[in-house]
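A short worksheet on the structure shown next.
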2 protein chains.
Amino acid sequence: MTTMSNRYRAEPGNNRPTMRDVAALAGVGTKTVSRVMNDEAGVTEATRLRVLKATEQLNYQLDIAAGSLRRTGRRTLSIGLLLPSVANPFSGEIHRAIEDGLAARGIAVFAASLDDDPEREKTLVAAFLRRRVDGLVLTPIAKSQAYVIPEHSRDLPMVFIDREPVGIEADAVVTDNAVGAARAAAHLISHGHRKLAYLGDRTDIQTARERRRGFTEELGRAGIATSTIPILEDLHDEESACRAAHALLGSDDPPTAVFSSQNLITFGAMRALKDRGLNRTTALVGFDDFSLSDMMDPGITVIAQHPERIGKLAAERLLARIDGDHVAPRTYVVPTELIPRGSGELRPPN
Amino acid sequence: MTTMSNRYRAEPGNNRPTMRDVAALAGVGTKTVSRVMNDEAGVTEATRLRVLKATEQLNYQLDIAAGSLRRTGRRTLSIGLLLPSVANPFSGEIHRAIEDGLAARGIAVFAASLDDDPEREKTLVAAFLRRRVDGLVLTPIAKSQAYVIPEHSRDLPMVFIDREPVGIEADAVVTDNAVGAARAAAHLISHGHRKLAYLGDRTDIQTARERRRGFTEELGRAGIATSTIPILEDLHDEESACRAAHALLGSDDPPTAVFSSQNLITFGAMRALKDRGLNRTTALVGFDDFSLSDMMDPGITVIAQHPERIGKLAAERLLARIDGDHVAPRTYVVPTELIPRGSGELRPPN
DNA sequence: CCTGTGCCTGACAACGATGTCATGTAGCAT
DNA sequence: ATGCTACATGACATCGTTGTCAGGCACAGG
């Protein structure tokens, strides 16, 4: 059993044809088959047709991985994409835009989920590297991305998305978090609010800190003492956000307007407002757009990000790097957009 | 430039270490390095440590693709996953469950989006095959999947999800569409409704047909003449669904309860109901759960699918096949669940 | 008829790894 | 001391493909 000839595998029928089989059937050399499969010049039309016929007869498919071993540049025509979670709709949109941006070049995407786990980040990047991907698109979560410096200096193309990397100079595509949050604050202030409140995500997340910064800076610009504004942070899911919002709204001096720094927090805030019958009274602006936001009562005003633009830009930058672009790394900022739908335009009482 | 030695590439620093480099540094043979990297038995602890030290010094990463060329079974430790779209939340959940199911075995996932395009299905499957994936998880959309028969008979593990394949006998994991739709009908009928209406997706989609079948069969069981029930189909997005619902609700004899066979259609129906102020009067049950369904007015009663269970089961079946399971292919059915939230429990007037 | 210029074409080595197998060494019993 | 076993180790061929290079053929010009 184990001394069986290599040509024949233990499993029945598991004999995928190789270039040699095709070459033999077409009566040409393997190099000629290779030329045909790769659309290289210098093959007679007659030979080409003979080879193509043989590939069809045998149902032959080129082995990209085997080829990459010898191919100049060792391209595997695949990249690694690390997302918070492939099940996250925001990530999904980015993923899709990247897929679309790379499809024309025949590049396939390995996708994996981070789950906010710094250890996983390293493990998954290592898994991508073992597969010799042509590039990486990463959402960083670990404290530092210095661990990929060796690869980066080996010229492995790399683009960070959503958050900027720490400890390494590399391309990044991020949302304008601070500006977006500031815009939300300005919007609420311009509608007469002075008693704002801030519901924020875990402070170890860079984007969360940026949003808070933008928000508080705008307060300063408007002459509102930051100390008077409740800043509730380290909320990471709908439930904790809902509890925090309840505490806030049930206090002696409740805010007239709430800003929530992220989707799930917005949901929690919406729920608390509704529970207390304040949804048509207390203003709300959320960071991140979401489906059905316009079906709420009232519609929810949001600071919309543009995941598809982030993904598109990341794919473009990665392709440029793959094609040998060596300009200095920089961070690309994708603007946000305030979409008024009602909840953010509610005015304070009196 | 082109006559440069092979050892050195054109790009600077692009010299990834190989097993040979590690072997040289550790003063052992490449085979020993291979053994260490693959946790094979028969290596002294002392040697093992020397090798590991060398890999760390050189920042060496095993090349899985190169290894797969020679490895028994030619395993690439990767699979191909074809989804309607990676941006679709339902698909995202399936994707995630599959990723989780395969991660323990070190298998990476190539994901790609179909976009309801039968041609794309074939192109993308071919792209997976060229990468010699160890298995395929496919959402079929083409009229027939007979084109993968050659691969299937070469024992390439394959699991179809969401829809059953046509023209090939292979494992499939699907939702119990007919039963779910029937349950929705029964639920509405049990709440006193006789004047139902059906809003359905494109009829070339198998699951859409199944849902209609389940729905109408339940009508029959309840003694409601199918001919009296409006069946509006070929709706594929929110807008067309909204228009259809408007037409329905504005007719002489509007239904007292509506069933929508899919997420976007549900959204369209919700919008139409709200536009007409009927959201608290006309009952609605939608197929597919969605976030914020409980925040609607009233909450939306749905037939929930379990994408995470579909993904988990698909991953299990695929792994079993990869491990050599040769039982006859079958279809696994994942049950749906009716989640009452208000809209489906509204009673007809009088 | 000879030479030169292109153009097709295939032999061959090599990419980075692993399966096979032979070799060497240590340890133990005789 | 001898012979045996068991185990650790490395040489080598090979996986399927592509880069390099040399050979062969056709055709044009002298």
Side-chain angles (χ1 to χ4, degrees), chain A residues 1-10 14-24 26-48 50-51 55 58 60-77 129-132, chain B residues 1-10 14-24 26-48 50-51 55 58 60-77 129-132:
Chain A
M1 189 72 98
T2 51
T3 56
M4 217 168 213
S5 158
N6 278 341
R7 287 261 69 162
Y8 302 94
R9 307 281 161 57
N14 191 1
N15 39 3
R16 204 184 242 71
T18 76
M19 214 166 240
R20 260 156 78 160
D21 300 321
V22 177
V28 300
T30 56
K31 180 65 222 205
T32 298
V33 179
S34 170
R35 274 189 269 258
V36 172
M37 298 311 291
N38 292 287
D39 280 317
E40 274 176 52
V43 181
T44 320
E45 186 60 15
T47 317
R48 213 178 74 85
R50 234 173 41 249
V51 170
T55 62
L58 297 177
Y60 172 74
Q61 296 273 155
L62 186 63
D63 184 329
I64 291 186
S68 89
L69 210 50
R70 198 69 175 73
R71 192 171 15 250
T72 322
R74 296 217 12 47
R75 294 285 154 72
T76 54
L77 298 181
L129 294 176
R130 279 197 297 272
R131 288 179 174 83
R132 297 295 188 270
Chain B
M1 190 72 98
T2 51
T3 55
M4 218 169 212
S5 157
N6 278 342
R7 288 260 68 162
Y8 302 93
R9 306 282 159 56
N14 190 1
N15 40 2
R16 206 185 286 295
T18 76
M19 214 167 240
R20 260 157 76 160
D21 301 321
V22 177
V28 300
T30 58
K31 181 64 222 203
T32 298
V33 178
S34 169
R35 274 189 270 258
V36 173
M37 298 310 290
N38 292 287
D39 280 317
E40 274 176 52
V43 181
T44 320
E45 186 59 16
T47 317
R48 214 178 74 85
R50 228 167 53 245
V51 170
T55 62
L58 297 177
Y60 172 75
Q61 296 274 155
L62 186 63
D63 184 329
I64 292 186
S68 90
L69 211 50
R70 200 73 176 66
R71 188 170 20 246
T72 323
R74 294 217 15 42
R75 293 285 155 71
T76 55
L77 298 182
L129 294 177
R130 278 196 297 273
R131 288 179 174 84
R132 296 295 187 269

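Values reported hereafter were calculated over all heavy atoms of this structure, with side chains retained and with hydrogens, waters and symmetry mates removed. Lettering follows sequence order; numbering is per chain, from 1.
In this structure, Arg131(A) places its CZ atom 19 Å from P of dG16(C), rounding to the nearest Å. Residue Leu129(B) contributes atom CG, which lies 16 Å from atom P of dG16(D) at whole-angstrom precision. Across the protein-nucleic acid pair, Met37(A) atom CE and dT17(D) atom P stand 9 Å apart, rounded to whole Å. If you measure from atom CZ of Arg132(B) to atom P of dA17(C), you get 20 Å, rounded to the nearest angstrom. Between the NZ atom of Lys31(A) and the P atom of dA11(C) there is a distance of 13 Å, given to the nearest Å. When rounded to the nearest whole Å, the span between CZ of Arg20(A) and P of dT18(D) equals 15 Å. A straight line from CD of Glu45(A) to P of dC8(C) spans 11 Å, rounded to a whole angstrom. Atom pair Arg75(B):CZ and dC15(D):C1' shows a separation of 16 Å (rounding to whole Å applied).
Ser34(A) has a side-chain polar atom (N or O) that falls below the 4.0 Å cut-off from OP1 or OP2 of dT18(D). Between Thr32(B) and the phosphate of dT9(D), there is no side-chain N or O to OP1/OP2 separation shorter than 4.0 Å. The side chain of Thr47(A) places an N or O atom within less than 4.0 Å of a non-bridging phosphate oxygen (OP1 or OP2) of dT9(C).
Listed nucleotides: dA17(C), dG10(C), dT18(D). Nearest to the side chain of Val28(A): dG10(C). With dT9(D), dT9(C), dG16(D) as the choices, the nucleotide that has an atom nearest any side-chain atom of Val43(B) turns out to be dT9(D). Ranking dG19(C), dT9(C), dT9(D) by closeness to the Arg35(B) side chain, first place goes to dT9(D). Picking from dT18(C), dG16(D), dA8(D) the nucleotide with the shortest atom distance to the side chain of Leu62(B) gives dT18(C). Of the candidates dG19(C), dT18(D), dG16(D), dG16(D) carries the atom nearest the Leu69(A) side chain, counting heavy atoms from C-beta on. Taking only side-chain atoms of Thr30(A), from C-beta outward, the nucleotide of dT18(C), dT18(D), dG16(C) with the closest atom is dT18(D).
Between the side chain of Thr18(A) and the main chain of Arg20(A), a donor-acceptor pair closer than 3.5 Å is present. Between the side chain of Arg74(A) and the backbone N or O of Ser68(A) there is at least one donor-acceptor pair closer than 3.5 Å. A donor-acceptor pair under 3.5 Å is formed between the side chain of Arg71(B) and the backbone N or O of Ile64(B).
The base of dT14(D) sits with one of its N or O atoms less than 3.5 Å from a complementary donor or acceptor on the side chain of Arg70(B). Taking 3.5 Å as the limit, the base of dG16(C) and the side chain of Arg74(A) contain no donor-acceptor pair of atoms between them.
The residue among Thr44(B) and Gln61(A) whose nearest nucleotide of DNA chain D lies closer to the 5′ end is Thr44(B).
Side-chain contact check for Gln61(A) versus Arg132(B): some heavy-atom pair is nearer than 4.5 Å. At a threshold of 4.5 Å between non-hydrogen side-chain atoms, the residues Arg131(A) and Leu77(B) count as touching. Side-chain contact check for Thr47(B) versus Val36(B): every heavy-atom pair is 4.5 Å or farther apart.
The residue Ser68(A) sits apart from the nucleic acid: no heavy atom pair falls under 4.0 Å.
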